[in-house]
Amino acid sequence: MKGRWARFRRWFQGIPVASWLLGGLAAATVERLVGLVVAYTLGLSGIPSFFGLSLILANPAQIPAVLVYLLVMYALPVYLVARATAAWTARLVTRMSTRTYVFVHVVLLFLVVYFWGELDSYRLLVLRLLAISIILTTSLNLVNGWMGEFSVAVAGFMSVGAYVSSIVMVWGFVDDDVFGPAVFPPTLASLAFPFALGLGGMAAAITALAVAIPSFRTRGDYLAIITLAYVFIVKSAVENMEFIGGPRGFMNQPNVAGFPVVFIWTALALWVIYNYTSSTLGKATSAVRDNESAAEAMTVDTRKVKVVAFLTHAFWSGVAGGLYAHVIGYINPSSFGIVKSAEVLAMLYLGGLSSITGSVLGAVLFQMLSEILRPLQLAKWLVIPVVLIVVMIFRPRGLLGFREMRFPFLQPRPTEEVGYAPASD
Amino acid sequence: MPLLQIEGLTHYFGGLRAVHRFHTRIEPGEIRGLIGPNGAGKTTIFNLTTGVYRPSEGRIVFEGRDITGKRPHEISRLGIARTFQNLRLWVNLTALDNIKIAFYAQIRYGLAGAFFGLRGRRHEEERIEAEARRLMRLLDIEQYADVVVSALPYGIQRKVEIARALATRPKLLLLDEPTAGMSPAEMMDTMEVIRKLHDELNLTIWLIEHRMKFVMSLCQHIQVLDFGEIIAEGPPDAIRNHPRVIKAYLGEMVEA
Amino acid sequence: MSIQQIFNGLQWGSFYALIALGYSMVYSILMLFNFAHGDVFMVGAYIGLFVATAVLGIAASGLLPLPPAVTFVLVLVLTMFLTSFVGMAVERVAYRPLRDAPRASAAITGLMVGIFLETGNLALLGASRRTFPPLIETVTYTLGPITVTNIKILTIVLALLLMLALNLFIQKTKTGMAMRAMSVDYAAVPLMGVPMDRVIVLTFALGSALAGAAGVLFSMTYPVLEPYMGLLIGWKAFVAAILGGRGSILGAVLGGFILGFIEILVAALFVSTLRDLIAYSIVLLILTFRPYGLFGEEYSARLRI
């Protein structure tokens with residue numbers, strides 16, 4: 001068994017991530033050119049949206065066709081191109097500075113995912129929602145993982161961010177019944193969107209301050225309750241604001257959250273949170289978690305550390321909420337109930353605490369599971385809880401709790417940034 | 001000017017008096033001992049000095065500055081570091097990270113640097129790492145730098161905790177039973193380490209200890225506490241033969 | 001505040017208190033938030049529905065003609081008994097395997113069990129809402145401006161009786177004492193000669209039985225049942241338990257009643273749509289000044305993470 005695994009690994013040994021990404025690019029191109037023809041030839045009704053995962057459950061007779069499709073369309077081009085370019089990219093990659101290395105890989109990853117996703121609007125929608133989940137999970141990890149508290153406020157922060165950024169965008173760039181004609185030329189909407197998102201994030205952070213001030217005087221489960229009350233309060237407050245639609249919801253958001261925009265924000269969020277958690281200043285957050293009194297005794301201003309982590313979480317959840325509002329184009333108070341928080345918590349604990357790759361993995365797996373099980377309809381929500389319970393029982397700290405995923409054999413040299421490589425194949 | 005001066009320190013827990021009119025005057029360069037039976041209030045005095053509790057009465061002056069009632073992280077920034085009786089390491093982190101985090105107050109980049117990795121940050125991180133490793137070398141534990149501390153042997157964990165305290169650049173180091181749970185050999189080793197810190201870093205040390213032999217050979221001046229009050233103080237020889245000390249300790253310290 | 005509203009507050013307080021007790025008991029011995037508990041209440045209501053339908057069916061068939069009072073008591077007792085097994089099952093599946101795991105992980109499995117119960121209900125019974133059959137004929141007493149139904153009074157009285165019974169159990173029986181001991185020191189229980197698992201299982205059973213009772217009483221006033229009915233009321237009862245003081249039995253009861261009163265009062269004084277906004281702001285305020293709840297004690301030394 002071990003020998004087989006080693007041989008399997010040798011297949012992949014020495015192929016840098018960059019080559020795999022090039023392979024992915026090749027596969028996406030092939031699919032774009034002949035995907036539909038191949039799919040029809042195999043008797044599929046069209047290009048499978050997500051690797052035919054849902055097709056398999058819907059109609060098991062399609063399994064062979066789907067497998068052939070995956071092999072021809074993805075596995076072969078990816079592997080062949082990766083193998084062929086391996087020597088070349090390896091040489092190139094070793095010469096890059098860490099910064100260039102990361103940049104090149106992120107750009108490649110973007111190209112692969114975008115090129116692949118753009119073929120199908122449903123794919124693109126799911127990818128954007130996935131990216132938003134990644135922001136949410138990673139930022140929540142800052143509080144529940146690194147800081148070791150239990151916050152359920154994520155839905156509330158999303159709500160604040162979503163509404164604030166929506167108000168700004170609709171007021172500024174859309175002719176709307178409530179907010180009147182556009183104040184600025186709608187062509188500038190895309191330019192203003194980052195500011196609207198930033199405002200949404202900051203609004204969320206400001207409301208978070210109201211929670212943080214009383215919460216961080218005591219330890220323990222206090223934050224769980226305070227944040228729960230916070231979610232109720234935000235929901236109820238929004239329901240009572242008639243000018244933004246109250247319980248009926250709020251729509252008309254301009255279409256400014258395309259995949260590239262969402263991707264950039266996700267990359268930014270991961271980069272910022274990675275920076276923070278890998279800095280000594282940020283690691284003090286874990287010190288507060290492991291032993292607060294020792295942290296205090298070692299010059300750490302624990303109150304400040306906690307507030308920073310919590311507000312960062314709030315800010316990014318607010319940004320994610322703003323993205324969500326503009327991806328869907330409609331929000332209502334119930335989109336951000338306690339169930340939404342529970343979903344993000346599930347992703348977080350599935351992936352693992354105090355781990356960026358864990359958060360990404362948790363979000364990806366959860367969303368994938370959700371896609372695979374879509375044909376089951378209602379029963380999906382019977383299977384997902386069971387899967388999560390089983391994972392928690394066998395891995396109580398999540399799949400990647402307290403450690404980062406690394407792929408040493410995929411790299412010609414050790415680097416810090418390989419986190420989201422798996423999304424590409 | 002004394003490094004640390006405490007006057008009339010009294011503390012109540014609920015209605016219970018834990019410390020009563022404790023006073024001390026520690027001169028720079030001294031190794032001072034604080035001994036007494038279990039529950040005598042020794043650790044409470046450390047906790048009061050480092051700001052964990054606010055004293056009910058009394059004044060604590062460090063380098064001529066009144067630090068009574070300041071928060072622990074403020075006091076530690078002024079130059080008082082400590083270790084704990086039962087280790088309080090950050091168990092999910094590596095030994096190196098444990099030490100690096102104690103540089104917190106000396107980090108020369110702000111939140112912007114931490115979030116966006118601005119220019120000065122990498123340089124600063126390298127400096128901190130180099131200093132942390134220097135401290136680890138000093139205590140002979142550098143080979144454990146990348147091990148998560150919960151996986152380290154007990155004696156090494158004690159040393160990591162001392163290195164962590166040193167990272168805050170203390171002028172005064174409080175050691176709360178540094179040899180608790182150690183074998184005689186480890187104890188001798190710890191004694192060497194403390195001497196070395198005292199001599200090489202010119203550090204003033206105030207320690208709580210249970211083992212007479214250890215205290216007697218390290219400290220120039222010892223205070224004995226019982227029921228929160230000082231019952232004796234003076235050089236080791238005077239303490240050894242002091243009738244009230246013998247009475248308070250009868251049995252308990254003879255075996256240690 | 002009129003007497004009318006006092007009755008309303010007492011009634012909602014009874015629901016919250018009965019459910020909050022389940023949270024509090026589990027918390028006091030395991031330091032764990034049982035996030036599935038709101039759904040146990042929901043399942044309890046449905047069990048009540050089936051038991052009631054069956055009992056009424058038997059009574060109507062003439063095989064066993066029962067007076068309404070007996071029917072009601074029978075339904076209540078049977079429902080409590082059956083619902084206790086739901087709680088025990090939740091403990092067995094979601095919590096026991098994770099007893100040494102980080103508590104947050106157990107909280108997640110609890111959440112998942114909750115979702116499973118909701119969806120399971122939906123899958124089994126379909127989306128159509130069920131109506132709880134009337135067990136007792138509703139009588140409305142009018143005294144000047146006050147109108148009170150007999151069901152409201154019954155709810156309040158029964159809730160108080162159940163709480164008294166629980167208190168008696170905890171104070172007087174050996175298992176009850178073991179529960180109290182465990183809430184003080186987790187490790188002490190095996191020393192008392194009571195198996196720890198039994199204490200834990202019994203705690204879940206008792207808490208769930210109370211939730212089942214709440215389910216029946218709730219359904220008698222609000223007879224339309226749906227699978228997500230436990231969600232909001234469960235979370236709110238959870239807040240009530242915290243408001244009273246984590247792990248305190250008296251705290252849970254009083255916290256439940258206080259929350260009930262706050263909600264009714266706010267709805268009476270302001271627009272009813274502002275109820276949650278103001279009620280939870282008040283909760284937030286109370287917890288700001290009393291972080292350990294109204295009747296809780298500082299316990300941080302006991303936290304087992």
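None of the values given here were measured: they were computed from a predicted structure. Every chain is numbered from 1 and lettered A, B, ... according to where its sequence line falls, protein lines coming before strand lines.
Side-chain atoms of A:Phe402 and B:Val148, non-hydrogen and from C-beta on, never get closer than 4.5 Å to each other. Counting heavy atoms from C-beta on, the side chains of B:Arg71 and A:Asp301 come closer than 4.5 Å.
Side-chain N or O atoms of B:Glu125 include none that pairs as donor or acceptor with a backbone N or O of A:Ser279 at under 3.5 Å. Not one N or O on the side chain of A:Arg289 forms a donor-acceptor pair closer than 3.5 Å with the backbone of B:Asn92.
Looking at B:Ile75, neither its backbone nor its side chain comes within 4.5 Å of chain A, counting heavy atoms on both sides. Both the backbone and the side chain of B:Val91 come within less than 4.5 Å of a heavy atom of chain A. Heavy atoms of B:Phe84 lying under 4.5 Å from chain A belong exclusively to its side chain. For B:Leu93, the parts lying under 4.5 angstrom from a heavy atom of chain A are both the backbone and the side chain.
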- Query: For A:Thr312 and B:Phe115, what are the C-alpha separation, side-chain angles and deciding distance, and is it a side-chain contact (heavy atoms from CB on, under 4.5 Å)?
  - Reply: CA-CA 10 Å; A:Thr312 309; B:Phe115 280 119; 3.3 Å; yes
- What's the verdict on side-chain contact (heavy atoms from CB on, under 4.5 Å) for B:Trp90 and A:Asn291, showing C-alpha distance, side-chain angles and the deciding distance? CA-CA 6 Å; B:Trp90 300 309; A:Asn291 194 316; 3.8 Å; yes
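Counted within 6.0 Å of CZ on A:Phe195, heavy atoms from surrounding residues, nucleotides or ligands total 12 or fewer; the atom is thus considered open. Counting non-hydrogen atoms of neighbouring residues, nucleotides and ligands closer than 6.0 angstrom, the CZ atom of B:Arg127 exceeds 12 such neighbours. More than 12 non-hydrogen atoms from other residues, nucleotides or ligands lie less than 6.0 angstrom from CZ of B:Phe13. By the 6.0 Å contact criterion, NZ on A:Lys304 is open, its count of non-hydrogen atoms from other residues, nucleotides or ligands being 12 or less.
Here the CD1-OG1 distance, from B:Ile99 to A:Thr280, works out to 12.0 Å after rounding to the nearest 0.5 Å. Interatomic distance, A:Asp290 CG to B:Asn98 CG, rounded to the nearest 0.5 Å: 8.0 Å.
The candidate from A:Leu281, A:Ile273, A:Thr302 with the greatest count of non-hydrogen atom pairs under 4.5 Å with chain B is A:Leu281. Of the listed residues B:Arg82, B:Arg121, B:Glu161, B:Glu124, the one with more heavy-atom pairs under 4.5 angstrom with chain A than any other is B:Arg121.
When each of A:Val300, A:Thr285, A:Val288 is checked for a side-chain contact (heavy atoms from CB on, under 4.5 Å) with B:Ile101, only A:Val300 meets the rule.
A pairwise comparison of heavy atoms in A:Met298 and B:Tyr104 identifies O-CB, 4.4 Å as the closest pair. Scanning both residues, B:Arg88 and A:Ala294, for their nearest heavy atoms gives O-CB, 3.3 Å.
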